[in-house]
**Student:** 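Dropping the structure in here first, questions after.
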Amino acid sequence: MATAAIKTRKALTNLTESVFQNAREVEVSNTEKRRVAYQLTSNLPLQMLLYFNIIYAPFWVITMGVCLDIKFDDLVVEWKVAILATYGIMLILETTRLYLGYAGNLEERVPELAGFWLLTTVLQLPFGLVSVALPTLKVLPLEWTVAVGLLVFIFLEIIFGFIALKNLSRQQVLRFHLEHMGDELAQNIAGTG
């Protein structure tokens with residue numbers, strides 16, 4: 001009786017392996033996918049840039065304020081309004097941008113990281129370039145130096161932010177597909193699918 005059960009098991013195993021040749025390989029690759037899907041994908045270079053940018057931001061604000069105070073009386077009224085609006089927008093954008101970068105990178109949230117990258121690329125970069133390159137603004141040497149430092153942060157954050165966003169979105173898609181496939185497999189095993 002025991003030998004008949006062993007022979008039947010071997011026959012079923014051989015039949016299963018011949019019909020489902022890649023069954024063991026699929027299990028290994030699914031295990032590997034699951035391991036990869038739940039790895040952290042925070043970008044360390046981006047996080048370091050954000051950390052140092054947060055430390056640099058108060059110095060940037062203070063320096064820009066002092067330089068604006070020094071040259072404010074020499075500017076035409078239209079430029080006074082434009083510079084105050086530009087610096088006000090840059091200050092609000094900088095705090096929002098750095099918050100979104102931290103939240104998006106550390107908490108692995110694609111919308112926040114995409115918002116950070118878009119604010120950096122579409123708004124903060126042009127405002128930073130205008131504040132440095134426009135000759136009618138009478139840019140002071142200290143102001144130029146501090147603004148170039150911020151622009152270096154911005155350029156590097158655009159590069160590393162794009163890399164982080166690409167990796168994070170790929171990881172989120174993989175997680176979604178694994179969770180979706182996991183639900184389908186559970187339904188098939190239960191016999192409801």
Side-chain angles (χ1 to χ4, degrees), residues 37-176:
Y38 294 104
Q39 287 179 346
L40 293 178
T41 54
S42 295
N43 190 310
L44 181 61
L46 177 63
Q47 195 60 39
M48 291 172 58
L49 284 167
L50 289 169
Y51 174 78
F52 290 120
N53 196 350
I54 285 178
I55 292 172
Y56 187 76
F59 297 111
W60 173 77
V61 169
I62 291 168
T63 303
M64 295 306 250
V66 168
C67 290
L68 181 62
D69 186 45
I70 290 171
K71 68 179 181 179
F72 196 72
D73 294 331
D74 297 335
L75 295 173
V76 183
V77 175
E78 293 84 12
W79 282 111
K80 288 178 183 179
V81 172
I83 288 176
L84 284 175
T86 302
Y87 285 165
I89 290 170
M90 283 181 73
L91 181 63
I92 292 169
L93 283 177
E94 188 68 12
T95 54
T96 305
R97 187 179 73 83
L98 292 174
Y99 168 74
L100 288 175
Y102 255 94
N105 192 33
L106 286 182
E107 297 174 12
E108 297 182 353
R109 294 182 178 174
V110 174
E112 282 86 349
L113 196 57
F116 159 77
W117 192 79
L118 285 173
L119 281 177
T120 303
T121 305
V122 175
L123 295 175
Q124 197 70 4
L125 180 63
F127 280 138
L129 289 172
V130 165
S131 70
V132 171
L134 216 55
T136 55
L137 292 180
K138 300 178 183 175
V139 179
L140 300 173
L142 178 63
E143 184 181 16
W144 186 84
T145 306
V146 172
V148 166
L150 183 67
L151 282 173
V152 168
F153 277 118
I154 289 173
F155 279 121
L156 291 173
E157 287 169 354
I158 287 172
I159 294 167
F160 287 108
F162 178 77
I163 293 168
L165 187 58
K166 185 175 76 169
N167 290 341
L168 181 59
S169 60
R170 183 183 304 135
Q171 192 77 359
Q172 293 294 331
V173 167
L174 181 61
R175 286 180 186 168
F176 173 78

**Student:** Do E108 and Q171 have a side chain donor and acceptor closer than 3.5 Å?
**Tutor:**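 On atom types as modelled, these side chains do not qualify, holding no pair under 3.5 Å.
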**Student:** Can R97 and I154 be said to form a side chain to side chain contact (heavy atoms under 4.5 Å, CB included), step by step?
**Tutor:** CA-CA 11 Å; R97 187 179 73 83; I154 289 173; 4.2 Å; yes
**Student:** Nearest 0.5 angstrom please: L125 CG to L93 CG, how far?
**Tutor:**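 L125 atom CG to L93 atom CG measures 12.0 Å (nearest 0.5 Å).
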**Student:** Rounded to the nearest 0.5 Å, what's the gap from CG on L106 to CD on Q47? Could you check?
**Tutor:**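 Here the interatomic distance stands at 3.5 Å.
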**Student:** Applying side chain to side chain contact (heavy atoms under 4.5 Å, CB included), run through V130 and T86 and close with a yes or a no.
**Tutor:** CA-CA 9 Å; V130 165; T86 302; 5.5 Å; no
**Student:** NZ/K166 to CH2/W117 distance, rounded to the nearest 0.5 angstrom?
**Tutor:**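 Going from the NZ atom of K166 to the CH2 atom of W117 covers 12.0 Å.
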**Student:** Roughly how far, to the nearest 0.5 Å, is CZ of F160 from CG of L44?
**Tutor:**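 So the CG of L44 and the CZ of F160 are separated by 10.0 Å.
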**Student:** Verify, without hydrogens or angle tests, whether T95 (side chain) and I92 (backbone) share a donor-acceptor contact under 3.5 angstrom.
**Tutor:**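 Checked: pair present.
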**Student:** Under 6.0 Å between the ring centres of Y56 and F153?
**Tutor:**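 Ring centres of F153 and Y56 closer than 6.0 Å.
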**Student:** Can you tell me if S42 uses its side chain to pair, donor with acceptor, with the backbone of N105 under 3.5 Å?
**Tutor:**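 Confirmed, S42 side chain pairs with N105 backbone.
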**Student:** Under a 4.5 Å cut-off applied to non-hydrogen side-chain atoms, are T145 and T63 in contact?
**Tutor:**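 No. Closest side-chain heavy atoms not under 4.5 Å.
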**Student:** From L50 CG over to F116 CZ, what is the distance, rounded to the nearest 0.5 angstrom?
**Tutor:**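 One gets 4.5 Å once the value is rounded to the nearest 0.5 Å.
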**Student:** Do R109 and L100 have side chains that approach each other closer than 4.5 Å (heavy atoms only, starting at C-beta)?
**Tutor:**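 When only atoms from C-beta onward are counted, L100 and R109 do not touch, as no gap falls below 4.5 Å.
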**Student:** Show, in sequence, the C-alpha distance, side-chain angles and deciding distance for W79 and L134, and conclude whether the side chain to side chain contact (heavy atoms under 4.5 Å, CB included) test is met.
**Tutor:** CA-CA 11 Å; W79 282 111; L134 216 55; 3.3 Å; yes
**Student:** Work out which heavy atom in L68 is nearest to a heavy atom in Y87; give both atom names and the distance.
**Tutor:**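 That would be CD2-CD1, 3.8 Å.
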**Student:** Side chains of L168 and N43: does their closest heavy-atom pair fall under 4.5 Å?
**Tutor:**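 Contact flag for L168/N43 side chains = no.
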**Student:** With a 4.5 Å heavy-atom cut-off, do M90 and M64 have their side chains touching?
**Tutor:**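 They are not in side-chain contact.
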**Student:** Out of L49, I55, I54, which one pairs with Y51 under the side-chain contact (heavy atoms from CB on, under 4.5 Å) rule?
**Tutor:**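 Answer after filtering L49, I55, I54: I55.
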**Student:** What's the spacing between T121 OG1 and F155 CZ if we round to 0.5 Å?
**Tutor:**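 Spacing of OG1 (T121) from CZ (F155) equals 10.0 Å.
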**Student:** Within the supplied structure, the quantity of interest is the number of heavy atoms (other residues, nucleotides, ligands) at a distance under 6.0 Å from Y99 OH; does it exceed 12?
**Tutor:**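 Not buried by this count: 12 neighbours or fewer within 6.0 Å.
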**Student:** Could you report the tightest heavy-atom contact between L150 and Q124, atom names first, then the distance?
**Tutor:**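 Shortest heavy-atom separation between L150 and Q124 comes out as CD2-NE2, 4.2 Å.
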**Student:** With side chain to side chain contact (heavy atoms under 4.5 Å, CB included) as the test, would you mind laying out the steps for I83 and F72 before giving the verdict?
**Tutor:** CA-CA 9 Å; I83 288 176; F72 196 72; over 6 Å; no
**Student:** Taking atom CZ of F162 as the centre, report whether more than 12 heavy atoms of other residues, nucleotides or ligands fall under 6.0 Å from it.
**Tutor:**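 Open: at most 12 neighbouring heavy atoms sit under 6.0 Å from CZ of F162.
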**Student:** Are the side chain of K138 and the backbone of D74 linked by a donor-acceptor contact shorter than 3.5 Å?
**Tutor:**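 Judged by distance alone, yes, a pair lies under 3.5 Å.
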